Amino acid sequence: MIDPRLLTENPDLLRERLGARSAGAAARLGELEATHLAWKQLKQELDDARHRQGERSQQMKVLRGEEQAALRQELKELSDSLKEKQKLLNELEEKREQLLLFIPNLPQTDVPVGDESCNRRVRAWGTPRSFDFPVAPHWELGARLGILDFERAQRMSGSRFSVLLGAGARLERALVEFMLELHRRAGYIEVSPPLLVKRDAMVGTGQLPNLEADAYKTAGEEPYYLIPTAEVVLVNYHREEILDAAQLPIRYAGATPCFRSEAGSYGRDVRGLIRQHQFTKVEMVQITTPAQSEAALEAITAQAEAILQALELPYQVILLATGDMGFSSARTYDLEVWIPSEDKYREISSCSNCLDFQARRARIRYRAGAEAKPELVHTLNGSGLAVGRTLLALLENGQQPDGSVILPAALRPFLGGAGRLTPAGLEPL
RNA sequence: GGAGGAGUGGCCGAGCGGUCGAAGGCGGCGGUCUUGAAAACCGUUGUGCGAAAGCACCGGGGGUUCGAAUCCCUUCUCCUCCGCCA
């Protein structure tokens, strides 16, 4: 949530920054401003009236007989009008809250303005390998190796599902372990969280109410939501808490399945592992003081890059333009890995600084010192990495003319020393 | 799923329907004393909105009342017992 004080203190800045992101968000501002103003006015009125009520009702316990009856009558009327006003105020507050929840975060000022064509490449690492034989897409490699089964997955679960089998399942497990281990050594605390959360948690990190259509939820009166990313749980873990500045930055890493309905992406990336309803992702989250967050974003990004480098996968770092950023983010770097079969880079990690946007929604604060007032923390998240896409990238980038796949040295300790994937399974090099 | 019990400030814990934002204790902070520390003593110490006056907040929501932490309804969470279960 944006700081509602901006509505009265700096509406021009608000309008300009929201406009940089999308026309729609800026358009909703008018109604929000009007509601906020009406709320403020009524709040003042109600406060004053209540003050009077408090003073007058002190008299009730000293007055007797006629006098008391008269005062009771007077106070009864005051009380009734207060209830009216309170009801109205609640409605205004509710409306303001609803409007605020749909306002996305303000992009930082040095983020390029525009749609995705304005994304800026910050740096690149590694050189895409040149193949002297026709490259196969990962689904063909996977089928030949007997580690990837889309057909049966679709029969039991439908499109956008897959089964990893044998060495494929083991490779996924090794990747998770390899990534978590790297993060653990960098000071991230490993977390194994719930995968089902209450609605409030989804609102807290900004997935809702905006992206309702993309979320899976359980049936029943109070449904659970299936997390679309571990970010939801790693951030909401501290919801409604006041943290100690000495604890910060807090670093968490967790590997979880992620569930996305992918509404609105019909026909895109229908083949292969790129876009699935369920996929495994290792996620990093940092909770920091405002002063720490800028450096923390660079650190999270570097941490995700370290994985790609260790896996010897060529990638580029993209600073997303205002129109391409997620709802809660003020600044996002995407990491894109080289995909030989598509002859281009594809997103494999997204690292965002949400500043105090999520902290305000989830009410996560910290205290700078024993005497200091609580202040909102900053939250950051980054994939490190999307495991399915990593597996896909390893298969394609490591493929050999005979259909086998050479795996990077860094991963071998997690595979019992094996470095080559063949139809027979994992083998030493 | 069934039967009971409990939810009050950072923590523990009191609280008759009327200056209760809430006694007391612990913890924190400041001070006195001390070479220093401990102990003791004194003071101070919640959050939100507001420029301020002030208002709101005793798990959440609703009600009764001139007035609710205190009464009623409802809901959530936790604990105990039974049942079921990986």
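Computed from a predicted structure; not experimentally measured.
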Peer 1: Which heavy atom of Ala359(A) sits nearest to which heavy atom of Val377(A), and what is that distance?
Peer 2: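 Where Ala359(A) meets Val377(A) most closely, the heavy atoms are CB-O, 3.2 Å.
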Peer 1: Does the structure show a Watson-Crick or G-U wobble partner for rU19(B), both distances under 3.5 Å? Name it, or say none.
Peer 2: none
Peer 1: Can you check the distance between rU70(B) and rG21(B), where both ends of the measurement are the P atom (answer in whole Å)?
Peer 2: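 Approximately 13 Å lies between the P atom of rU70(B) and that of rG21(B).
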Peer 1: With a 3.5 angstrom cut-off on both distances, give the Watson-Crick or G-U wobble partner of rG10(B), or none if there isn't one.
Peer 2: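 Partner of rG10(B): rC26(B).
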Peer 1: Please step through salt bridge (Lys or Arg N to Asp or Glu O under 4.0 Å) for the pair Arg363(A) and Glu241(A), ending with a clear verdict.
Peer 2: CA-CA 7 Å; Arg363(A) 293 186 293 285; Glu241(A) 282 186 33; over 6 Å; no
Peer 1: Quick check: do Thr332(A) and Ser350(A) have side-chain heavy atoms less than 4.5 Å from each other?
Peer 2: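 They are in contact (side-chain heavy atoms under 4.5 Å apart), so the answer is yes.
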Peer 1: In sequence, state the C-alpha distance, the side-chain angles, and the governing distance for Phe357(A) and Phe327(A), and then conclude on ring-ring contact (aromatic ring centres under 6.0 Å, His included).
Peer 2: CA-CA 10 Å; Phe357(A) 186 84; Phe327(A) 183 78; 5.7 Å; yes
Peer 1: Whom does rG1(B) pair with, Watson-Crick or G-U wobble, provided both distances fall under 3.5 Å?
Peer 2: rC82(B)
Peer 1: Roughly, in whole Å, what's the span from CZ in Arg363(A) to P in rC49(B)?
Peer 2: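 Rounding to the nearest Å, CZ of Arg363(A) and P of rC49(B) are 12 Å apart.
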Peer 1: Sequence neighbours excluded, which residues qualify as salt bridge (charged side-chain N to carboxylate O under 4.0 Å, His left out) partners of Arg72(A)?
Peer 2: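 Salt bridge (charged side-chain N to carboxylate O under 4.0 Å, His left out) check on Arg72(A) returns nothing, list empty.
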Peer 1: What's the CE-P distance between Met1(A) and rG48(B), to the nearest Å?
Peer 2: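 So the two atoms are 14 Å apart, to the nearest Å.
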Peer 1: Restricting to ring-ring contact (aromatic ring centres under 6.0 Å, His included), what partner residues turn up for Tyr216(A), sequence neighbours left out?
Peer 2: His277(A)
Peer 1: For Tyr188(A), enumerate each residue passing the ring-ring contact (aromatic ring centres under 6.0 Å, His included) test, keeping only those at least two apart in sequence or located in another chain.
Peer 2: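 If we apply the ring-ring contact (aromatic ring centres under 6.0 Å, His included) test to Tyr188(A), skipping adjacent residues, the hits are His183(A).
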Peer 1: Considering only atom P, compute the distance from rA23(B) to rA14(B) and round it to an integer number of Å.
Peer 2: 14 Å
Peer 1: Counting Watson-Crick and G-U wobble pairs only, both distances under 3.5 Å, name the nucleotide matched with rU65(B), or none.
Peer 2: none
Peer 1: Apply salt bridge (charged side-chain N to carboxylate O under 4.0 Å, His left out) to Arg56(A) and list each qualifying residue two or more places apart in sequence or on a separate chain.
Peer 2: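 Here the qualifying residues are Glu74(A).
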Peer 1: C1' atom, rC57(B) versus rA68(B): distance in rounded Å?
Peer 2: 14 Å
Peer 1: For atom P, what is the distance between rG1(B) and rU75(B), given to the nearest Å?
Peer 2: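 Those two atoms are separated by 13 Å.
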Peer 1: Report the distance from atom CD of Glu93(A) to atom P of rG50(B), rounded to the nearest whole Å.
Peer 2: 12 Å
Peer 1: For atom P, what is the distance between rG17(B) and rG43(B), given to the nearest Å?
Peer 2: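 Each nucleotide's P atom is 32 Å from the other's.
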Peer 1: Using nucleotides 54-64 of chain B, report all nitrogen or oxygen pairs with the protein that are shorter than 3.5 Å.
Peer 2:
unit_1  : atom_1 : unit_2   : atom_2 : d
rG54(B) : O3'    : His51(A) : ND1    : 2.8
rG54(B) : N2     : Asp47(A) : OD2    : 3.2
rC55(B) : OP1    : His51(A) : ND1    : 2.9
rC55(B) : O2'    : Asp47(A) : OD1    : 2.8

Peer 1: Quick test: give all pairs of protein nitrogen or oxygen and nucleotides 16-22 of chain B nitrogen or oxygen below 3.5 Å, distance rounded to 0.1 Å.
Peer 2:
unit_1  : atom_1 : unit_2   : atom_2 : d
rG18(B) : O2'    : Lys61(A) : NZ     : 2.7
rG18(B) : N2     : Ser57(A) : O      : 3.4

Peer 1: How far apart are the closest heavy atoms of Ala201(A) and Val232(A), and which atoms are they?
Peer 2: O-CG1, 4.0 Å
Peer 1: Show the atom names and distances, to 0.1 Å, of all donor-acceptor pairs under 3.5 Å that link a side chain in residues 292-299 of chain A to residues at least two apart or in another chain.
Peer 2:
unit_1    : atom_1 : unit_2    : atom_2 : d
Gln292(A) : OE1    : Thr289(A) : N      : 2.9
Gln292(A) : OE1    : Thr289(A) : OG1    : 3.3
Ser293(A) : OG     : Asn353(A) : ND2    : 3.1
Ser293(A) : OG     : His378(A) : ND1    : 2.8
Glu298(A) : OE2    : Tyr333(A) : OH     : 2.9

Peer 1: Can you give one letter per nucleotide of nucleotides 69-74 of chain B, going 5' to 3': B for a protein heavy atom under 4.0 Å from the base, S for sugar-phosphate only, - for none?
Peer 2: ------
Peer 1: Measure the distance from NZ on Lys198(A) to C1' on rC76(B) and round it to the nearest whole Å.
Peer 2: 7 Å
Peer 1: Report yes if the side chains of Arg260(A) and Leu226(A) come closer than 4.5 Å at any heavy-atom pair, otherwise no.
Peer 2: no
Peer 1: Expressed as a whole number of Å, how far does the C1' atom of rA69(B) sit from that of rC20(B)?
Peer 2: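 Each nucleotide's C1' atom is 8 Å from the other's.
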Peer 1: Collect all protein-nucleotide pairs involving nucleotides 44-47 of chain B in which both atoms are nitrogen or oxygen and the distance is under 3.5 Å.
Peer 2:
unit_1  : atom_1 : unit_2    : atom_2 : d
rU47(B) : OP1    : Arg367(A) : NH1    : 3.1
rU47(B) : OP2    : Lys373(A) : NZ     : 3.3
rU47(B) : O3'    : Arg365(A) : NH1    : 3.1

Peer 1: Rounded to whole Å, please give me the gap between CG in Leu37(A) and P in rC49(B).
Peer 2: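 One finds 17 Å between P of rC49(B) and CG of Leu37(A), rounded.
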Peer 1: Has Ser79(A) got a side-chain N or O lying under 4.0 Å from the OP1 or OP2 atom of rU65(B)?
Peer 2: no
Peer 1: Over how many whole Å does the gap from Gln247(A) atom CD to rG10(B) atom P extend?
Peer 2: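 Atom CD in Gln247(A) sits about 15 Å away from atom P in rG10(B).
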Peer 1: Among residues two or more places apart or on two chains, list those pairs meeting side-chain hydrogen bond (donor to acceptor under 3.5 Å, both in side chains) that have a residue in residues 15-27 of chain A.
Peer 2: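 As it turns out, the side-chain hydrogen bond (donor to acceptor under 3.5 Å, both in side chains) pairs with a partner in residues 15-27 of chain A, which skip direct neighbours, are Arg15(A)-Glu33(A).
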Peer 1: Please give the distance between the P atoms of rA39(B) and rU77(B) as a whole number of Å.
Peer 2: 42 Å
Peer 1: Using whole Å, report how far CD of Glu55(A) lies from C1' of rG67(B).
Peer 2: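 Taking CD of Glu55(A) and C1' of rG67(B), I get 15 Å after rounding.
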Peer 1: Below 4.5 Å, heavy atoms only, C-beta onward: do Ile364(A) and Leu376(A) meet side chain to side chain?
Peer 2: no
Peer 1: If rA37(B) has a Watson-Crick or G-U wobble mate with both distances under 3.5 Å, name it; if not, just say none.
Peer 2: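 Partner of rA37(B): none.
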Peer 1: Write down the distance between CG (Leu82(A)) and P (rA68(B)), rounded to a whole number of angstrom.
Peer 2: 11 Å
Peer 1: If I pick the C1' atom on rG5(B) and the same atom on rC11(B), what distance separates them, to the nearest angstrom?
Peer 2: 22 Å
Peer 1: Can you list the residues that meet the side chain to side chain donor-acceptor pair (under 3.5 Å) rule with Thr280(A), with sequence neighbours excluded?
Peer 2: Glu172(A)
Peer 1: In the strands shown, is rC57(B) matched to any nucleotide by a Watson-Crick or G-U wobble pair with both distances under 3.5 Å, and which?
Peer 2: rG46(B)
Peer 1: So does Ala38(A) get a backbone contact from the side chain of Gln41(A), meaning a donor-acceptor N/O pair under 3.5 Å?
Peer 2: no
Peer 1: Which atom pairs, one a donor and one an acceptor, fall under 3.5 Å between side chains of residues 80-87 of chain A and the rest of the protein, sequence neighbours left out?
Peer 2:
unit_1   : atom_1 : unit_2   : atom_2 : d
Ser81(A) : OG     : Leu78(A) : O      : 3.1
Gln86(A) : OE1    : Arg50(A) : NH2    : 2.5
Gln86(A) : NE2    : Asn90(A) : OD1    : 2.9

